[in-house]
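Letters A, B, ... are given to chains in the order of the sequence lines, protein chains preceding strands, and every chain is numbered from 1.
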2 protein chains.
Amino acid sequence: MNSNGDGTARARETGTLGKLMVLLDLVTHADAPLRFTDILALAGQPRGTLHRQLSHMVEEGLIELDGDGRYAPGLRLLDFAARSWARNEFRLIAEPHLADLQRATGETVHLGVLRGQSIIYLDKVEGRQPVRMYSQIGNASPCYCTGVGKAALSLLPAESLVDLVASLSFTSFTASTHGSAETLLAEIREIADQGYAFDREEHEAGICCVAAPVWSEDRTFMGGISITGPAYRLSMELLHQWAVPVQLAAGRIMEGMRVRLGPRR
Amino acid sequence: MNSNGDGTARARETGTLGKLMVLLDLVTHADAPLRFTDILALAGQPRGTLHRQLSHMVEEGLIELDGDGRYAPGLRLLDFAARSWARNEFRLIAEPHLADLQRATGETVHLGVLRGQSIIYLDKVEGRQPVRMYSQIGNASPCYCTGVGKAALSLLPAESLVDLVASLSFTSFTASTHGSAETLLAEIREIADQGYAFDREEHEAGICCVAAPVWSEDRTFMGGISITGPAYRLSMELLHQWAVPVQLAAGRIMEGMRVRLGPRR
DNA sequence: AATTAAGTTCCAAATAATGGAACAATGATA
DNA sequence: TATCATTGTTCCATTATTTGGAACTTAATT
């Protein structure tokens, strides 16, 4: 009875909050502001119930209702996110090392962490003309077709990895995107051995990267950093060369966390 | 019984959600991750209740619990915010005009909207070396001591304005910050007449700006755009000169909204 | 080892959410 | 303009969740 967009059952134990989050997901994932009836159809709840739920969320600023009766994500979310980002310890510690790596290679550097099945990008340092950052930072990307994602997966204990991979639905973004759990798991094993990962145009055609895993000892953060760029400029040979500096930068970030957060994490 | 940080009573009709949002506010506004007991003291709720509430929010990714039992804002908020920002129509329409204004003046240009008592910055276009953007975008600043804030206030109908101003608590960020409703209301009236506002180092010492109001016809967005810079470079004379281009840019943004969103808004 | 503090679980009572239907407003069509 | 269809809002008895107190477990401190 309780289901989300892609038809998978959802049995979370989060009471009232869980129901509201489903609605927030609907509104924020839509391509355009939704009308009451649209949400009614998607959520499959009684009109009265839905109306009250939406009213409460509008009142709290999580979603907004415009003059045409369309529901859009609320701007209060920006304030929450800005605070969340500004004080994130992992990001603060990594920042200078990302800048170093960018200078050393001239290409774009990313920092991302695993959350559920997604990689959430926490930072991005670009080469020449720094483009709009926010359009990338905060973005959630699939873990199975990004360098940072596969690097993060290589940190999981065997059982968690199998569970997570089993729950993925593989979307083929390009011709080289992994299409099955088997091939993905095989590559993850390889990555775990060698300590770095590649993205061979698996998420976006013409874009490739080399990534290294980064984690905090308490496993609050399991993610990675990557050097990303256009395939015509970044040959596999070059990416292989860069595996070393990426791993070194990853090591320095983890060393920084040990110093800052104390040895027991 | 239900109170927030600054002791003001809070009587919202948002049921369970309202209580959870109070907690999310606590966690995101804190200077550092909070321990269970810290939150217990701040929230003033029974242990069992608080524990379940926090568990639910952790489960949903709104807050995170690290290995030391400290609660921090959740990174899922970043994903929500990134989507909220990426598709915001007001921002999308304003973007090119902000860039024009930046080029014309060489100084930093902001776009912000009024939400409650705060201005939430939706965009920022910087001059020479584009600095980290996200550190500004999404930030909530007081409405009574920012150029965009006062410009936005000048759009409110008399009664709403008085109500809002009456609910403000005036923090003196600098020597020139407004300290009372009277002086603020007097300036707002002036701004409403002339159509532009100044910030004379009222929020941050050494930083001033000139701003013009921008709004959508349905009043979903009431905000403004501003040209901001260091006081040593931006004399009051220069700011007065820039009032015209800022107002023109504001006009073009509103024209763009009429075209895009239809004439009835 | 004893003591204090911190975190977790349990359950009857209090409270809020639900869902169905009736009602109101809007907009399309003849 | 009158009619019908659609969309959005309000109400209230029923149902389900949240609440708050206490008991319990675990971790840290003396």
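- The phosphate of dA17(C) has neither OP1 nor OP2 within less than 4.0 Å of any side-chain N or O from Gln45(A).
- Ion pair Asp79(B)/Arg83(B) flagged as a salt bridge, since at least one NZ, NE, NH1 or NH2 atom sits closer than 4.0 Å to an Asp/Glu carboxylate oxygen.
- Arg91(B) contributes no side-chain N or O that, together with a main-chain N or O of Asp123(B), makes up a donor-acceptor pair within less than 3.5 Å.
- Taking the side chain of Phe36(B) as heavy atoms from C-beta on, and the options dA17(C), dG20(D), dG7(C), the nearest nucleotide is dG7(C).
- With rounding to whole Å, Ile39(B) atom CD1 is found 12 Å from dT8(C) atom P.
- Following rounding to the nearest Å, Gln53(B) (CD) and dT8(C) (P) show an atom-to-atom distance of 15 Å.
- Below 30°, between 30° and 60°, or above 60°: for Phe90(A) and Phe221(A) the angle between ring planes is below 30°, a parallel geometry.
- Residues Thr16(A) and Thr37(A) each lie close to DNA chain D; by heavy-atom proximity, the contact nearer the 5' end of the strand is made by Thr37(A).
- For the pair Pro46(B) and Tyr71(A), nearest-nucleotide mapping onto DNA chain D gives the more 5' position to Tyr71(A).
- Annotation: side chain of Arg258(A) is in contact with side chain of Glu255(A) (closest heavy-atom distance under 4.5 Å).
- Regarding Leu17(B), its CG atom lies at a distance of 14 Å from the P atom of dA16(C), rounded to whole Å.
- For the pair Arg70(A) CZ and dG8(D) C1', the computed distance is 16 Å after rounding to whole Å.
- The distance between atom CG of Leu20(A) and atom P of dA16(C), rounded to the nearest whole Å, is 15 Å.
- A donor-acceptor contact shorter than 3.5 Å links the side chain of Arg87(A) to the backbone of Ala30(B).
- At dG7(C), none of the side-chain N or O atoms of His51(B) fall inside 4.0 Å of OP1 or OP2 (strictly under the cut-off).
- Of all nucleotides listed (dT19(D), dT9(C), dA17(C)), dA17(C) comes nearest to the side chain of Lys19(A).
- What separates CZ of Arg52(A) from C1' of dA16(C) is a distance of 8 Å, to the nearest Å.
- Leu50(B) places its CG atom 13 Å from the C1' atom of dA6(C), with the value rounded to the nearest Å.
- Under 3.5 Å, the side chain of Arg47(A) and the base of dG20(C) form no donor-acceptor pair of N or O atoms.
- Contacts of Thr49(A) with the nucleic acid, taken as non-hydrogen atoms under 4.0 Å apart, include base atoms.
- The distance from atom CG of Asp68(A) to atom P of dG27(C) is 9 Å, rounded to the nearest whole Å.
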